[in-house]
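Just below is one structure, and these are the notes that go with it.
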Number of protein chains: 2
Amino acid sequence: MKRARKYKDAEERKARLLKTAAGCFARHGYEKAGLREICAKAGANLAAIKYYFTNKRGLYREVLISSHSQMIENEAMPMPVPGQTAAEALRQWVHFFLRAFVFKQTKRPQLALIIAREMIQPTSFLGELVTLFIRPIRDRVLDIVTALTGPELPAELRQILCHNVIGACLHYDHAHLVLERLGFKRPNGPGEVARLADLLADFILGGIRHCVAARAQPCETPRRRQETW
Amino acid sequence: MKRARKYKDAEERKARLLKTAAGCFARHGYEKAGLREICAKAGANLAAIKYYFTNKRGLYREVLISSHSQMIENEAMPMPVPGQTAAEALRQWVHFFLRAFVFKQTKRPQLALIIAREMIQPTSFLGELVTLFIRPIRDRVLDIVTALTGPELPAELRQILCHNVIGACLHYDHAHLVLERLGFKRPNGPGEVARLADLLADFILGGIRHCVAARAQPCETPRRRQETW
DNA sequence: CTCGATCATAAACAATCGTTTATAATCAGG
DNA sequence: CCTGATTATAAACGATTGTTTATGATCGAG
């Protein structure tokens, strides 16, 4: 009655399927990842996917949510600490983000790739991905940015600053193949990742401060582009 | 002898195939774009692709290089102007980049999407794409950054700054679907694009200046992250 | 007109995809 | 052991893919 181990333990096989499926989805994308390849690498049969996940969609869905729980239990996003400067919080966040996404020190490094694909070629699960992964990250960054600029800055500007922050960081993940071809040596090891994170944090902090300064006393440099080209 | 119009003019059909193929490749990606759909929309036969381009790969290749020539003859990247501040040059470049890529005011708006895909899921043409499109852009930004920081800043740091610049801008293209779901209203029309470009230029200028300042007199804010989490 | 090269079209090919069906193997309970 | 539900496996299905073949239409030149 009490769920004794059957056969070769269904849980283990299911987990193995999820893991190798995550790898295949990350490498080839949802469309081109073949169920036969996944099953072969996981040592399972083709019909096992129908049995456990009913569908390819179902398999993909479970990959997403299992990657989510794996991630938050592996390395949670840093939350505000009482006696912390906003600048320190930002620096801390950049370190977290680069470590989790660019230099994928997590147990499921495929998640970042899957999200990157989903951004450009979304499936029907992009909505869930946004609410599960992306919006919490954005909200945290928005808090930090607001702490840096003060709430008197219009919300739209703070939102744009927030996207600038994420964009600058995410570029090192999304474009890493191009960056390598351009001669950029990928940070190797936690030390180099931390160094890049510090440089990025400096860049971002300066950018935010300059934006609020330019907002306070506008037109230090001519804001309107010259139409001479 | 002198290439009189044959049938329905092969050049026109080839051009129409290229155009609709660019759209399909941009919308569905290289793998999932179907030759049958392309031919149906272009009003051509399936075998015409083998005739004109020998392959699906050949078609994709010609889409890339034709998009390139179309782009540079449509809106060229701004080149350095003698009596121009480096800050002005940067602002000018940001305007160009956002207009060409984010708010795709060009004749072939598909190119940005194709490049975005190629970055994450590269085909064997990524190398050509880098030398044709991406490296020239990077080199121009690197020139501007060097003019801003001075050549005494280590080349590696200038390279990183350069990537920060491109990453912040490119994010508004790569992640635009996610940004919309996060409540970001896409800039609509040249005026709003110019406004976003100005804000981005402010952010970037402040970031670069702060990085050279932090390099000159280090440790204004604690650079090392605190390991308390 | 006739011939040969160029271009167009439809049908078929071989491979792969996700999904399903049919059947065999393995367990718990009676 | 026997039964019935659960799990595993292999084979096949129907659809779609890129590619090819075979044939027919259209032109310029002789």
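Labels below follow one simple rule: chain letters A, B, ... track the order of the sequence lines, proteins then strands, and each chain is numbered from 1. None of these values were measured; they are calculated from a predicted model.
Per the geometry, CD1 belonging to B/I49 stands 12 Å off C1' belonging to D/dT17, to the nearest Å. Distance NZ (B/K56) to C1' (D/dT20): 17 Å, rounded to an integer number of Å. The OH-P distance, from A/Y52 to D/dT6, rounds to 13 Å in whole Å. Following rounding to the nearest Å, A/F53 (CZ) and C/dT19 (P) show an atom-to-atom distance of 13 Å. For A/L46 and D/dA11, the CG to P distance is 12 Å, given to the nearest whole Å. Distance, A/L59 CG to C/dT19 C1': 14 Å, rounded to whole Å.
Nearest nucleotide to the side chain of A/K50, out of C/dT21, C/dT6, C/dC17: C/dT21. Closest contact between the side chain of A/A47 and the listed nucleotides D/dA8, C/dG18, D/dA10 involves D/dA10.
Under the 3.5 Å distance criterion, the side-chain polar atoms of A/E75 are left unmatched by any main-chain donor or acceptor of A/F96.
Within the structure, salt bridge (Lys or Arg N to Asp or Glu O under 4.0 Å) pairs that include any residue of residues 44-61 of chain A comprise A/R61-A/E128 (at least two apart or interchain).
Regarding contacts with the backbone of C/dT9, every side-chain N or O of B/Y51 stays at 4.0 angstrom or more from both OP1 and OP2. At the phosphate of D/dG18, neither OP1 nor OP2 sits under 4.0 Å from any side-chain N or O atom of B/R57. For the pair B/N55 and D/dT19, the criterion of a side-chain N or O lying under 4.0 Å from OP1 or OP2 is met. When the side-chain nitrogen and oxygen atoms of A/N45 are compared with OP1 and OP2 of D/dA10, one or more of them lie within a distance under 4.0 Å.
In this structure, A/Y172 has its ring center under 6.0 Å from that of A/F184.
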Next item on the list: Would you please test B/F125 and B/Y30 for ring pair (Phe, Tyr, Trp, His ring centres under 6.0 Å) and show each step?
Entry: CA-CA 11 Å; B/F125 295 114; B/Y30 175 76; 7.6 Å; no

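Across residues 27-38 of chain A, A/A33, A/G34, A/L35, A/R36 each have a non-hydrogen atom less than 4.0 Å from an atom of DNA chain C (numbered order).
Rounded to the nearest 0.5 Å, atoms CZ (B/R158) and CD1 (B/I144) are 13.5 Å apart.
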